[in-house]
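Each chain gets a letter, A, B and so on, in the order the sequences are listed, and its residues count up from 1. In this text the structure is predicted, and so the values were computed from the model without any measurement.
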2 protein chains.
Amino acid sequence: MTPPPATPEPISRRARPAKAPLSREAIVRAGLAILDRDGLDALTMRRVAKELDTGPASLYVYVANRDDLMAAMLDEALARVPLTAEGSWREQLHALVAASVEAMSRHEGLAAVALGAIPTGANALLVLDRMLALLKQAGLDDITAAWAVDLLHLHSAAAAAEQSAHLTKGGKEETVVADADRHYAALPAERYPMITALRSALFSAGDRDTWGLDVLLSGILQTPAR
Amino acid sequence: MTPPPATPEPISRRARPAKAPLSREAIVRAGLAILDRDGLDALTMRRVAKELDTGPASLYVYVANRDDLMAAMLDEALARVPLTAEGSWREQLHALVAASVEAMSRHEGLAAVALGAIPTGANALLVLDRMLALLKQAGLDDITAAWAVDLLHLHSAAAAAEQSAHLTKGGKEETVVADADRHYAALPAERYPMITALRSALFSAGDRDTWGLDVLLSGILQTPAR
DNA sequence: GTTTGACACGAACGGCGTTCGCTCCCTAGT
DNA sequence: ACTAGGGAGCGAACGCCGTTCGTGTCAAAC
């Protein structure tokens with residue numbers, strides 16, 4: 001092996017002024033910064049370590065692995081969801097779900113973390129607790145409220161995942177939709193009659209998120225579990 | 001075909017009986033076989049190539065990249081969704097969505113592919129077309145039907161993603177739920193009053209999938225777009 | 001002054017997706 | 001019958017990745 005010839009290392013890290021000590025919180029924040037700035041592909045342990053001016057091995061003292069880091073990042077992102085709002089229980093619930101979707105979709109790939117797991121993060125649980133309170137306020141029985149919060153959580157994560165995927169796919173959302181529209185226009189009408197007939201409706205503009213949430217809430221209200 | 005002549009290679013691939021020629025279809029099938037047998041982590045280009053007794057570079061003639069392969073695998077999986085069923089439009093729609101979820105959740109990670117993209121695969125579009133037909137049969141106007149199919153697609157992908165995640169996480173679904181239950185039991189009641197109070201309801205058994213679908217359909221019926 | 005233990009981290013391991021460019025064979029044109 | 005062309009197949013390599021191991025460092029505890 002080549003002996004490293006006298007690596008002089010002109011600026012030792014230790015000689016630098018005031019290096020903030022490593023911590024789980026700092027790692028999570030650095031991860032979010034990279035995710036927002038450079039996207040999901042750039043969120044590697046090496047990249048996070050470099051952001052903190054250290055090596056990848058150092059991270060593993062505070063973080064079990066990449067999945068653990070992403071789960072922590074998700075919970076940190078959810079900390080920004082305001083837990084209270086004004087208005088009726090329905091308006092408040094609407095605002096809460098919308099804020100959750102917003103918080104998750106703002107960071108590419110974080111929603112996918114929420115999709116697979118039962119929420120356990122401190123902030124995720126606060127949101128969940130608040131949702132349960134609002135659903136009970138709506139007059140639902142315990143089981144229906146419990147199942148409803150499950151369904152709302154699933155919907156939030158899915159909506160956020162879809163939104164953040166569209167937001168970051170190749171840049172422009174418009175382009176993606178336009179491509180799909182063109183694709184659909186070229187489909188054989190005899191094989192896909194409904195798609196062909198309803199194509200303009202399929203790509204019509206409008207607030208689908210709000211509508212979807214209304215659908216869920218209305219459906220929940222009139223569908224008791226069991 | 002080539003009658004394998006005296007190739008001097010001791011165990012040349014060429015000397016083997018009848019190697020099926022490479023094709024996009026064969027690659028997709030091999031990918032699904034590996035995914036089902038060994039899980040998402042094992043689904044690597046190298047592993048797929050090995051399954052076909054070749055090198056990874058050979059795959060790129062038929063498949064643009066790993067994402068393209070997974071999209072093709074998703075559409076192949078959706079080929080098994082039966083497009084017709086018996087009963088009212090509502091029963092048929094219910095069956096169609098349930099079958100989609102089933103088909104996707106059977107293969108770990110494929111549902112995540114569907115979440116991010118507007119469906120363009122031939123089989124995905126057939127399912128979508130059938131859904132539209134049933135929604136129109138229910139009496140919905142064009143726009144509501146279009147938005148509803150969007151919502152149902154989102155829900156299907158999300159439900160499948162969640163289900164397949166639970167199914168493959170560390171093996172036993174029961175274990176995951178039991179862990180979460182224990183976690184919730186240890187939460188401070190003053191910080192999470194509703195979760196604590198409704199814990200038994202949150203983990204109650206029951207057919208949540210069917211209920212969720214009922215919620216969606218009921219909500220769609222009574223919430224016209226616009 | 002010595003021990004101890006937690007943190008930091010350089011180096012390495014065993015992968016990964018993808019690309020480059022060479023070889024070989026099949027086909028088409030003569 | 002021969003050859004020219006071109007695409008499929010694929011060995012090798014590039015530049016990454018997540019994670020682990022063992023050693024170095026330093027402050028607090030004794």
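In the set dA11(C), dT19(C), dG18(D), dG18(D) carries the atom at the smallest distance from any side-chain atom of Met45(A). Closest to the side chain of Ala57(B), from the set dG11(D), dA8(C), dT19(D), is dG11(D).
Listed by chain and number, the residues in a side-chain contact (heavy atoms from CB on, under 4.5 Å) with Ala77(A) are His107(A), Leu110(A) (sequence neighbours excluded). With sequence neighbours excluded, no residue forms a side-chain contact (heavy atoms from CB on, under 4.5 Å) with Ala197(B). Residues meeting the side-chain contact (heavy atoms from CB on, under 4.5 Å) test with Phe203(A), sequence neighbours left out: Val177(A), Ala180(A), Asp181(A), Tyr184(A), Arg199(A).
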Do any side-chain atoms of residues 145-155 of chain A form donor-acceptor pairs under 3.5 angstrom with protein atoms, and if so which ones, sequence neighbours left out?
residue	atom	partner	partner atom	Å
Trp147(A)	NE1	Ser204(B)	OG	3.2
Asp150(A)	OD2	Arg208(B)	NH1	3.1

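Distance Tyr60(B) OH to dC10(D) P: 15 Å, rounded to the nearest Å. Note: CG (Asp41(A)) to C1' (dG15(D)) measures 15 Å, nearest angstrom. When rounded to the nearest whole Å, the span between NZ of Lys50(A) and P of dC9(C) equals 15 Å. When the C1' atom of dT25(D) is taken as reference, atom CG of Leu22(A) falls 15 Å away, rounded to whole Å. If you take OH of Tyr62(A) and P of dA6(C), they are 12 Å apart, rounded to a whole angstrom.
Remark: Asn65(B), Arg66(B) in residues 64-76 of chain B come within less than 4.0 Å of DNA chain C through at least one heavy atom. Listed by residue number, the members of residues 27-37 of chain B with any heavy atom below 4.0 angstrom from DNA chain D form an empty set.
Arg37(A) is listed as a side-chain neighbour of Glu51(A), based on a closest heavy-atom distance under 4.5 Å. Inter-residue side-chain proximity for Ile34(A) and Val48(A) is flagged as met; some heavy-atom pair is nearer than 4.5 Å.
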Exercise for the section: Would you sort out whether Glu76(A) and Asn123(A) count as a side-chain contact (heavy atoms from CB on, under 4.5 Å), showing the intermediate values? Expected result: CA-CA 7 Å; Glu76(A) 173 69 21; Asn123(A) 293 310; 5.5 Å; no
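For dC17(D), one of the phosphate oxygens OP1 or OP2 lies less than 4.0 angstrom from a side-chain nitrogen or oxygen of Thr44(A). Residue Thr54(A) has a polar side-chain atom (N or O) positioned under 4.0 Å from OP1 or OP2 of dC9(C).
Side-chain atoms of Arg46(B) stay outside donor-acceptor range of the base of dG15(C), with no qualifying N/O pair under 3.5 Å.
Map Leu59(A) and Ala42(B) each onto its nearest nucleotide of DNA chain C; the residue landing nearer the 5' end is Leu59(A).
Nucleic acid contact for Ser58(A): base, since at least one base atom lies under 4.0 Å from a heavy atom of the residue.
To the nearest 0.5 Å, atoms CG (Leu59(B)) and CZ (Arg46(B)) are separated by 11.0 Å. Here the CG-CE distance, from Leu96(A) to Met131(A), works out to 4.5 Å after rounding to the nearest 0.5 Å.
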